[in-house]
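Encoded as structure tokens, the structure appears first; notes follow it.
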Amino acid sequence: MLDPKELKKTLNLPKTEFPMKASLPRREPEILKKWTEMKLYQRIRKEREGRPKFILHDGPPYANGRIHLGHALNKILKDFVVKSYSMMGYDAPYVPGWDCHGLPIEIKVENRIGRLEDKAKFRRECKKYAEKYVGLQRDEFIRLGVLGDWENPYLTMDPEYEAEIIRHIKGFFQRGEVYRARKPVYWCPHCKTALAEAEIEYHDHKSPSIYVKFPLLEPEKLSPSLEGKRVFVVIWTTTPWTLPANLAIALHPDYDYGVFRHGDEYYILARLLAPVVEEELGASFELVHKFEGKELEGFRARHPFLDRESVIVLADYVTLEQGTGCVHIAPGHGEEDYQTGLKYGLEVLSPVDDEGRFTGEVEFLKGKTVWEANPIVLEVLRERGMLLAQGEISHSYPHCWRCKGPVIFRATPQWFISMDRAGLRKRALEEIKKVRWIPSWGEERISNMIENRPDWCISRQRSWGVPIPVFYCKNCGEPLTKPEVMDRVAEVFEGEGSDAWFSHPPQYFIPQGVKCEKCGGREFVKENDIVDVWFESGTSHAILKHRPDHRWPADVYLEGNDQYRGWFHSSLLVALANEGESPYRQVITHGWVLDEHGRAMSKSMGNVIEPGEIIKDYGAEILRLWVAFLDYTEDVKLGENILQRLTEAYRKMRNTWRFMLGNLRDFVPEKDSVEEDQFLPSDRFILTKFRRLVERVKKLYENYQYYKIAHLLYDFFTVDLSSFYLDITKDRLYCSAPASPGRRAAQTAIFEMARDSMRLLAPILSFTSEEAWEHLPEFPEKKPSVHLEFFPPALPSLLSQEEERDWEVLMKYRDLANKALDQARKEGFIGNSLEASLVFYAPAEERKVLEKYSSHFLEIFIVSSWKIEEGEERVEVEKAPGKKCERCWVYHPEVGKDPEYPNLCPRCVAVVKELI
RNA sequence: GGGCCUAUAGCUCAGUCGGUUAGAGCGCACGCCUGAUAAGCGUGAGGCCGGUGGUUCAAGUCCACCUAGGCCCA
């Protein structure tokens with residue numbers, strides 16, 4: 001007789017080196033090292049060479065700052081796409097890119113070293129800064145487990161890339177889509193420079209607050225009763241100096257306006273605001289006529305002090321918060337004014353120079369600064385009787401971040417790409433329809449944007465960027481935009497980079513003999529402006545043609561949904577104009593990362609979570625699992641609670657793999673695998689379920705539906721494997737003879753499910769599947785990394801339709817049995833379910849099914865004995881007869897009958913005899 | 001203010017064409033096991049389907065409005 005300790009040695013208990021504790025923050029870097037050393041990315045490329053390509057083209061993040069969760073979400077999703085398509089059998093390269101030029105870097109550098117007059121030197125500093133962050137971000141992306149050609153990224157500041165930008169600009173010029181026009185920008189008269197929105201600070205500022213009368217022409221057209229009366233449109237402004245540039249007065253189309261009599265004058269203003277104006281004047285008005293704003297559209301008023309007319313227009317942005325509901329419009333001095341001006345075809349007047357002084361266009365103000373002009377304008381208004389009221393107001397006003405002085409809006413010449421001259425807008429709208437947008441509402445979103453966007457202003461008054469390759473005639477100022485000149489610029493940039501623009505004289509770029517088309521002049525000066533960085537990143541599709549590992553167009557662009565306005569938009573316009581087609585076939589967008597309560601993360605809210613913290617505390621794998629479990633097409637939340645749930649889910653999957661590996665410890669696939677006919681019903685049932693799952697998951701990968709994959713696989717691990725199949729097969733695995741057909745059958749099933757679930761999860765759980773893969777038994781075709789594998793091939797179902805229905809019945813009785821066993825346990829009748837014998841009562845049909853499988857009930861129900869009776873469906877619990885076998889713990893009537901092994905059941909006696 | 005989007009259990013997700021008592025897993029509670037053990041198994045309790053109104057014999061599902069939140073504009 002063997003004592004329990006010796007008996008335990010005769011069992012095949014699971015054993016594996018694959019640790020239960022993941023220690024991800026420590027282990028992940030080791031796995032990354034393995035991938036680097038084996039050159040995994042290059043190796044995958046090599047193995048997939050010649051296969052159909054699948055191109056995900058990376059949208060370049062901005063090379064500034066450390067990565068945040070939005071970056072992590074984006075890059076991990078891209079990694080899912082690339083890895084899954086690679087495992088489907090495509091040659092799916094991933095070439096990361098960075099957006100390197102632009103204002104934010106300029107601002108950072110300027111903060112550090114001040115503003116340099118020497119542009120070349122300043123640009124060198126900007127370049128260093130960009131390089132530093134490209135390096136930092138690259139390391140952070142690699143740490144996430146993202147596989148790609150990190151040694152050969154594309155940078156928008158690469159000379160070849162800069163040359164492409166020039167060539168694309170040339171294309172727009174050649175097709176006549178580029179024009180030069182004036183547009184108001186923030187301007188600091190002290191620093192004599194244009195400012196971007198990001199360089200503006202808002203401070204309180206005292207301004208005049210005045211009400212001005214504009215005599216309305218032909219008032220009788222509004223109401224016959226006004227014939228011959230002195231009718232005025234009353235506007236309110238805090239910038240009297242912009243009145244010389246007034247060209248229109250805007251009313252809201254739907255608001256209620258009135259004509260109010262005051263003495264022998266009649267004033268037009270919004271009805272709701274009349275009391276405010278009355279108070280300002282200390283007078284009371286009499287309402288003599290009512291109308292809606294839109295009735296006045298197209299009327300004309302006389303300018304209060306210039307010999308010019310001002311047209312009445314309509315604008316939605318007119319509010320009734322202050323003023324008169326009639327808004328003074330100077331298209332050269334305000335963004336909204338400018339937009340309205342465009343709509344109504346108004347001129348862009350801006351009679352103010354670099355220093356904020358009036359030019360000769362306004363004679364009586366010539367040479368005065370705008371601040372000096374204010375009181376003079378007031379005086380003129382007063383003289384003419386056009387000043388209805390005046391006061392002072394303290395309000396929030398834009399100031400220069402550099403000199404802290406107040407800034408103005410001033411129109412300056414800019415370069416524009418026309419949306420309509422060559423039909424760009426129309427073609428873009430057509431092209432959008434050919435693209436697959438995921439989610440589908442993206443199509444409507446980008447269409448609305450393209451439909452309503454103004455012409456694209458591509459010039460910027462900055463220095464860290466690619467120059468607009470234009471020269472001006474020194475003699476007459478005419479721009480030189482010849483394609484051959486731009487070709488030469490591109491050629492120079494390709495060799496020297498765009499720094500060349502700042503270190504060479506114009507003649508370096510201009511072929512001999514080129515003359516000004518207007519005056520024949522031969523001397524030129526270089527353009528100072530650079531191109532909008534959105535144009536730069538919009539040119540990135542060019543790498544698809546230049547890199548041998550790529551192909552034009554891309555299969556997928558995948559970015560946050562802010563990029564409908566950004567990269568998707570600019571890429572479409574730039575590529576479409578130059579290639580005639582959209583650069584992408586599919587566009588996938590993901591949402592924003594919010595905190596646990598669904599609020600945007602911001603420094604001021606103090607709810608920002610850094611990817612680095614999560615990697616340090618949980619591991620990058622948990623972050624990957626987070627991405628996988630969420631419906632990324634919507635905004636996604638992250639917080640402690642969610643991380644806890646994910647960590648638990650991770651542990652469950654890891655442990656399930658660990659248990660499977662433990663049970664495969666002595667399994668040699670090519671030797672020990674059994675034929676189909678050796679499978680027990682439960683093996684066939686679980687394998688069929690699994691094989692179906694494999695096919696579903698592959699389909700879901702094709703359609704980028706990762707959260708469905710994660711849920712399906714996780715549910716399979718917990719419900720089907722852990723709590724069902726792996727629980728019920730323990731008896732077979734542990735207690736049978738090691739090489740018995742039943743045990744080998746279970747191992748064959750487990751091996752298939754372990755191997756193929758690792759393959760299926762490799763794109764998501766890239767680290768853990770790799771680690772588990774190393775512990776999986778060797779087999780002939782096994783690759784040294786799971787990421788070199790293919791997704792599992794389709795395998796046949798092992799159940800007939802009848803057997804599938806049988807399992808529905810069996811599972812129903814399993815539920816009933818569990819409930820009955822739980823009840824018995826609560827009553828203290830049994831502990832371990834093996835102490836029980838079950839009595840099944842079933843209607844005739846179901847009884848037949850139960851009897852068909854009854855020889856497997858020890859396994860399926862984990863009980864020692866059972867009886868099947870006909871009756872209303874229910875399960876009852878009795879004590880199992882016989883004594884407990886000390887080896888397998890099953891109660892059996894014959895325990896004690898074998899004189900040699902009186903503490904064992906017949907099955908175990910046989911096994912032990914075989915082993916000893 | 002405009003365009004687009006979201007709202008189902010504590011968390012992550014199902015819920016078909018409008019049709020029985022709105023489902024799953026996790027978490028939680030209670031129990032079992034100690035041969036997956038910083039594991040494993042079982043049972044159970046959790047829902048005003050964001051709100052209001054409408055269409056309909058019937059609404060989580062369709063429509064309108066509102067609220068809260070998100071992205072992009074203004």
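To find a chain, count down the sequence lines: A is the first, B the second, and so on, and within it residues start at 1.
Of the candidates B:rA38, B:rG35, B:rG42, the closest approach to any side-chain atom of A:M20 belongs to B:rA38. The nucleotide whose nearest atom lies closest to any side-chain atom of A:R645 is, among B:rG69, B:rG27, B:rG25, B:rG27. For A:R825, counting side-chain heavy atoms from C-beta on, the closest listed nucleotide (B:rA39, B:rC32, B:rG35) is B:rC32. The side chain of A:L630 has B:rU12 as its nearest neighbour among B:rG35, B:rU12, B:rU43.
Here the separation of B:rG1 from B:rU12, taken at their P atoms, is 30 Å to the nearest Å. B:rA14 and B:rG51 have their C1' atoms separated by 24 Å, with the value rounded to a whole Å.
When each of A:F840, A:W866, A:Y813 is tested with A:F861 by the rule ring-ring contact (aromatic ring centres under 6.0 Å, His included), just one qualifies, namely A:F840.
Residue A:G598 is in sugar-phosphate contact alone, with no base atom involved, counting any heavy-atom pair closer than 4.0 Å across all strands shown.
Base orientation of B:rG40: anti (glycosidic angle beyond 90° from 0).
Between A:D455 and A:I417, the shortest heavy-atom distance links the atoms CB-O, 3.4 Å.
Across all strands shown, B:rC73 is found opposite B:rG1 as a Watson-Crick or G-U wobble partner, with both distances under 3.5 Å. Applying the Watson-Crick and G-U wobble criteria (two distances, each under 3.5 Å), B:rC33 pairs with nothing in any strand. Using N1 to N3 plus N6-O4 or O6-N4 for Watson-Crick, or N1-O2 and O6-N3 for G-U wobble, each under 3.5 Å, B:rG46 pairs with nothing.
A:R743 has no carboxylate O lying under 4.0 Å from a charged side-chain N of A:D731, or vice versa, which leaves the two without a salt bridge.
The shortest distance between the side-chain N/O atoms of A:K8 and the OP1/OP2 oxygens of B:rG35 is below 4.0 Å.
Under the 6.0 Å cut-off for aromatic ring centres, A:Y397 and A:Y202 do not qualify, their centroids lying 6.0 Å or more apart.
Between the side chain of A:K708 and the base of B:rA14 there is no donor-acceptor pair of N/O atoms closer than 3.5 Å. A:T656 contributes no side-chain N or O that forms a donor-acceptor pair with the base of B:rA36 under 3.5 Å.
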